[in-house]
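Note sheet for the following structure.
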Amino acid sequence: MIHIRFFASLAQFAPAVAIASALAFGVLPRSVVAQSAAAAYPVKPIRLVVPFPPGGPADTIGRLVGGELTTALGQPVVIDNRAGAGGAIGADAVAKSAPDGYTFLVSNVGDTMAVTLQKNLPYDYVRHFTPVSLVASTPFFIVVHPSLPAKSVADLIALAKAKPGALTFGSAGIGVGSHLAGELFNQLTGTSITHIPYKGQAPANTDLLGGQIALMFSNPLNALPLMQAGRLRALAVTSRTRLAAAPDVPTSAEVGLPGLDAGTWLALVAPAGTPPAIVNRVSAEIARALAVRETREKFAAQGVELFGSTPAELGRLITADIAKWADVITKGKISAE
């Protein structure tokens, strides 16, 4: 009884120390200790790993979420850019981190594609991570060079079928989202538009603007300025609703391709085994932060939708996307570089 009173008193001032000491003395069951640790959370800075270089969409959204969580949780959220291997270096670092709620990963749809594409990943995306919350989503615009005689998706399909393999679409590399979106388009429409992979988005954009390739499945951050300047023409957007930033561009469903639901999403995941109470709290704080109208409107102008989700909702999306892209990859006989 004396031990319990002592540790309860100490917990008022230093929860983490009290819990650790109580566990060491065997005074509290581990289940109680886990609950107490979650209640005291957080007691130190949190690390948010962005598996890409600074300045890109994942980094921008990661810093937004990190700033909001810093305010909500009362502890600094430190951004740790761990770029390399298509995001695998950063993901591996998080997978091997302690599941204590102090390390999170900015994950993306590419992680669900890598499950099928990358056979030698040092981690298992499903087993080694716990879903926390979605944070953002962007679709693709189907954009063509203005010289292409296609004013609609129907025109594009007819043109592609008239000359099989003659039309080309570019992407930032084999197996990336823009590549697989194009492959999905081919499979849904029975076309054979030839894929031209580039080493990054910039050289692909250059060749599209120069007319060396006919089209791309391009994210809004890249496409919108070029569309607005009249340098590219958008035929459709691969989202379920039209974007506020481009209200005149029809959705894929509106042009007869409801199955062309493709794009990029960003989410937070944690190492497997992170306490559910911590996961749920962080998820709830993200949902509250991203519900602010001014913040949502700012990103909507760039074609980015911000929203939170429950861990279960993100888990269902991950499961569905793994199956969806595995089917596209298998049918297309796509292999990683």
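Note that the structure is predicted; figures quoted are calculated from it, not measured.
Remark: the backbone N or O of A91 is not paired with any side-chain donor or acceptor of K96 at under 3.5 angstrom. Side-chain atoms of S192 come within 3.5 Å of backbone atoms of G165 as a donor-acceptor pair (strictly under, hydrogens ignored). Using modelled atom types, one side-chain atom of S283 and one backbone atom of V132 make a donor-acceptor pair closer than 3.5 Å. Judged purely by atom type and a 3.5 angstrom limit, T70 uses its side chain to pair as donor or acceptor with the backbone of V77. Here the side chain of T194 pairs no donor or acceptor atom with the backbone of T168 at under 3.5 angstrom.
Applying side-chain contact (heavy atoms from CB on, under 4.5 Å) to I61 and the options V50, L290, V304 leaves one that passes, V304.
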Side chain to side chain contact (heavy atoms under 4.5 Å, CB included) assessment of F141 paired with L226
CA-CA 11 Å; F141 283 110; L226 299 170; over 6 Å; no
Walk me through whether M216 and Q201 qualify under side chain to side chain contact (heavy atoms under 4.5 Å, CB included).
CA-CA 10 Å; M216 280 182 61; Q201 184 75 36; 3.1 Å; yes
Just do the side chain to side chain contact (heavy atoms under 4.5 Å, CB included) check on V126 and I322 with the steps written out, would you?
CA-CA 10 Å; V126 175; I322 288 173; 3.6 Å; yes
Passes ring pair (Phe, Tyr, Trp, His ring centres under 6.0 Å), Y123 versus F129? Steps please.
CA-CA 9 Å; Y123 54 86; F129 293 100; 5.7 Å; yes
What's the verdict on side chain to side chain contact (heavy atoms under 4.5 Å, CB included) for L148 and L156, showing C-alpha distance, side-chain angles and the deciding distance?
CA-CA 9 Å; L148 191 74; L156 177 63; 4.1 Å; yes
Would you please test T191 and N186 for side chain to side chain donor-acceptor pair (under 3.5 Å) and show each step?
CA-CA 5 Å; T191 54; N186 274 337; 2.8 Å; yes
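The distance from atom CD1 of I278 to atom CG of D100, rounded to the nearest 0.5 Å, is 7.0 Å. With values rounded to the nearest 0.5 angstrom, T319 atom OG1 is found 9.0 Å from L314 atom CG. Rounding to the nearest 0.5 angstrom, the gap separating the CG atom in L64 from the CG atom in D59 is 11.5 Å.
For K298, there are no side-chain hydrogen bond (donor to acceptor under 3.5 Å, both in side chains) partners, not counting sequence neighbours.
In this structure the side chain of R231 never reaches within 4.5 angstrom of the side chain of H145, judged on heavy atoms. In this structure, the side chains of R242 and P247 stay at 4.5 Å or more apart for every pair of heavy atoms. Contact of the L184 side chain with the F217 side chain is not registered, since no non-hydrogen atoms from C-beta on lie closer than 4.5 Å. Taking the side chain as every heavy atom from C-beta outward, P146 and R233 approach each other to under 4.5 Å. Taking the side chain as every heavy atom from C-beta outward, L215 and V143 never approach each other to under 4.5 Å. Proximity of V282 to V279: side-chain heavy atoms (C-beta onward) are nowhere separated by under 4.5 Å. Here the side chains of I142 and F140 are not in contact, with every heavy-atom distance at 4.5 Å or above. Side-chain atoms of E183 and I334, non-hydrogen and from C-beta on, do get closer than 4.5 Å to each other.
Nearest heavy-atom pair, P225 versus P220, reported as atom, atom and distance to 0.1 Å: CD-O, 4.0 Å. Pairing each heavy atom of G62 with each of I79, the nearest pair is O-CD1, 3.7 Å. Scanning all heavy atoms of the two residues, the minimum distance from V328 to Q187 falls at O-NE2, 3.1 Å. Of all heavy-atom pairs between S133 and I286, the closest is OG-CG2, 3.7 Å. For A234 against V249, the heavy-atom pair with the smallest separation is CB-CG2, 3.9 Å. Pairing each heavy atom of T251 with each of S239, the nearest pair is CB-O, 3.2 Å.
Within 6.0 Å of atom NZ in K331, 12 or fewer heavy atoms from other residues, nucleotides or ligands are found, so the atom counts as exposed in its surroundings. Heavy-atom neighbours of K119 NZ from other residues, nucleotides or ligands within 6.0 Å: above the threshold of 12.
Between Y41 and Y102, the ring centre distance stays below 6.0 Å.
Salt bridge status for E68 with R288: absent, with no side-chain N to carboxylate O gap under 4.0 Å.
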Cut-off 3.5 Å, no hydrogens considered: what does the side-chain donor-acceptor table look like for residues 261-277, sequence neighbours left out?
| residue | atom | partner | partner atom | Å |
| --- | --- | --- | --- | --- |
| D261 | OD2 | R240 | NE | 3.3 |
| D261 | OD2 | R240 | NH2 | 3.2 |
| W265 | NE1 | D321 | OD2 | 2.8 |
| T274 | OG1 | P271 | O | 2.7 |

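For the residue pair S107 / D111, a side-chain donor-acceptor distance below 3.5 Å is found, with atom types taken as modelled.
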